[in-house]
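Whatever order the structure lists ligands and atoms in, that order sets their numbers, starting from 1. As a basis for the values below, the full set of heavy atoms in this structure was taken, side chains included, without hydrogen atoms, waters or symmetry mates.
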Amino acid sequence: MPYLHRSLRPQPQPVPRDARTIHSSGQSFEQLRQGCLQSGTLFEDADFPASNGSLFYSERPQVPFVWKRPGFWQHSEWLDVVIDDRLPTFRDRLVFLHSADHNEFWSALLEKAYAKLNGSYEALKGGSAIEAMEDFTGGVAENFPIREAPEDFYEILEKALKRGSLLGCSIDTLNASESEARTPFGLIKGHAYTVTGLNQVNVHGQRIKLIRVRNPWGQVEWNGPWSDSSPEWRSVNPEEQKRLGHTALDDGEFWMAFEDFKTHFDKVEICNLTPDALEDHALHRWEVTTHQGSWVHGSTAGGCRNFLDTFWTNPQIKLSLTETDEGQEGCTFLAALMQKDRRKLKRFGANMLTIGYAIYQCPDKDGHLSKDFFRYHASLARSKTFINLREVSGRFQLPPGDYILIPSTFEPHQEADFCLRIFSEKRAVTRDLDENIDIDLPELPKSTPQEEETEEEQQFRALFRRIAGEDMEVSAEELEYLLNAVLQKKTALKFKRLSLLSCRNIISLMDTSGNGKLEFEEFRVFWDKLKHWMDLFLQFDVDKSGTMSSYELRTALKAAGFQLSGHLLQLIVLRYADEALQLDFDDYLNCLVRLETASRVFQSLSVENKDFIHLNINEFISLTMNI
Ligand code: CA
Ligand code: CA
Ligand code: CA
């Protein structure tokens, strides 16, 4: 059943595969291009004008920028984001591009498309090249500080290259003045290099690990051991040199010993690609599974483990690892948690939330894990930190088995949509534990003969007769009067009075004869139910506030037989809780009555398959108006 909810708004996909038209004119790239070709003019983008407003949203520019068009530019067919080709320049140089090659405009235009997607160039500030790369490839970035790199780092990089991952490396700078400074070895600090190959050579019977690095400037190379014309190559036979593609060209690409690489570089970034972003003939691929979800205030925005009371309400995702890596005892996987759309919201004051995740061993029983589980069990693994980045990713190796991964924001009650991706060496199975709905309805009790009634029931019968009048049936108004008369005496429940609406709902639930009124038998069955629900209310109102918080409600509903999906819980909180996320007894009762009515109707209609019913529009609307 389609229903509207904020977490279900259409999610932007990685750009290349989302061909939505996003230009305000409503025209697609093809239409805009056709228009320009017919009129013989160059395209000017009114949505993203060549003005300071597109460069900045909060700062005034320090220098006057001039927007120029590259003269040799050809329209690229594959861009889904339509931009014109004006680029911000200062003193005839591109402002937002770190390429010395004046002819290479495609990356600048890519950057412009990215800036348009995000509102302005300034919104990109603090976003790294790898983040843009992730957006354009749909991949997942991993960051390795080389000093802390794992023992099998060479093998990790080797596998990454085989999988077609994009690899970048760089040397840290201590301050801004060091940026782009050249070291005595010909390396540039704070500059983004790419890793293009790994190989080993035999030298006097010894195997030496080499790495090939490229400076995207197309010049300025490493001049230490194994560089283009270094003496080390003389001890390598020409065939080996050919195999490694060794040439002494000043093309920006060079080999160096892996050990030297680890000494001279500080950071390696790997952008792991999903199989669909790779060429078909790529032999090695990650297996990827994706989960979309949301943290919603009051239902699934539980915060990190520091907040035990709410942590358990976060979405929980079960991860089953069955096959170990080739020749290994463990199963390797990357878990990448991404918050969505925050960068676009930046100009409206939305910052990145601090996010992360924890991984627990899955207990034998199925279903959403409760607060007590987390009180007594420590996590097996975690994201390295909780951090305010768009994406947090980590690499793990765990023995085969079942695990529960819990994505969360650091603080509770913070709202965002997220996307969790698991990249695994071998196939892994993931399942969202919060999609399970399990409803356990009690049998409706048989009626007791009048002569076996308890004293309480006899008193009720008398009261009922007084209010119902001669027909011995109560209308919604009469029921409202009756229930309030009885419940006023229950001082442990804090509420003003039961609403007429609740009483109408109760009649919908209990009126088996279908005349819109309750006869005594129907009322008596309801009274037993009400007593049970009152007990649950008192039991699960843990802080004795007299109201049910949205978190207390979740456990109370479960005890009442309703294990609901994350989406349903979010809807219930939106509908029944007040701004402080509290439900008074009337809201609580209403919620339970409607849940039980809906469940019983479903049960009676789903005779063939207990998970589905078929309704036409008339039946559907009749039902929803009646529930
Ligand atoms: Ca070279
Ligand atoms: Ca009736
Ligand atoms: Ca409470």
Query - Non-neighbouring partners of Trp312 that pass ring-ring contact (aromatic ring centres under 6.0 Å, His included), sequence neighbours left out - result: none

Query raised in the report: Rounded to 10 degrees, what angle sits at the Ca ion (ligand 1) between Glu253 O and Glu221 OE1?
Result: 80°

Requested in this report: Side-chain contact test, heavy atoms from C-beta onward, threshold under 4.5 Å: evaluate it for Phe311 versus Pro412 and give yes or no.
Outcome: no

Report summary line: Within the 3.0 Å cut-off the protein N, O or S neighbours of the Ca ion (ligand 3) are Asp541 OD1, Asp543 OD1, Ser545 OG, Thr547 O, Glu552 OE1, Glu552 OE2

Query raised in the report: Would you say Asp250 has an N, O or S atom lying under 3.0 Å from the Ca ion (ligand 1)?
Result: no

Query raised in the report: Would Phe185 and His264 count as a close aromatic pair, with their ring centres under 6.0 Å?
Result: yes

Report task. Please name all residues satisfying ring-ring contact (aromatic ring centres under 6.0 Å, His included) with Phe153, sequence neighbours left out, ordered by chain then number. Result -> Phe144

**Report entry** Minimum-distance pair of heavy atoms, taken over all atoms of Pro315 and Pro407
**Finding:** O-CD, 3.3 Å

Report summary line: What one should report as the nearest heavy-atom pair of Asn314 and Asp434 is O-OD2, 4.1 Å

Requested in this report: Taking all non-hydrogen atoms of both residues into account, name the closest pair between Cys304 and Ser408 and its distance.
Outcome: CA-OG, 3.6 Å

Report summary line: the Ca ion (ligand 1) has as its nearest N, O or S atom from Asp228 the atom OD2

**Report entry** Opening angle at the Ca ion (ligand 1) [O, Leu249; OD1, Asp251; to 10 degrees]
**Finding:** 80°

Requested in this report: Not counting sequence neighbours, which residues clear salt bridge (Lys or Arg N to Asp or Glu O under 4.0 Å) with Asp586? List them please.
Outcome: none

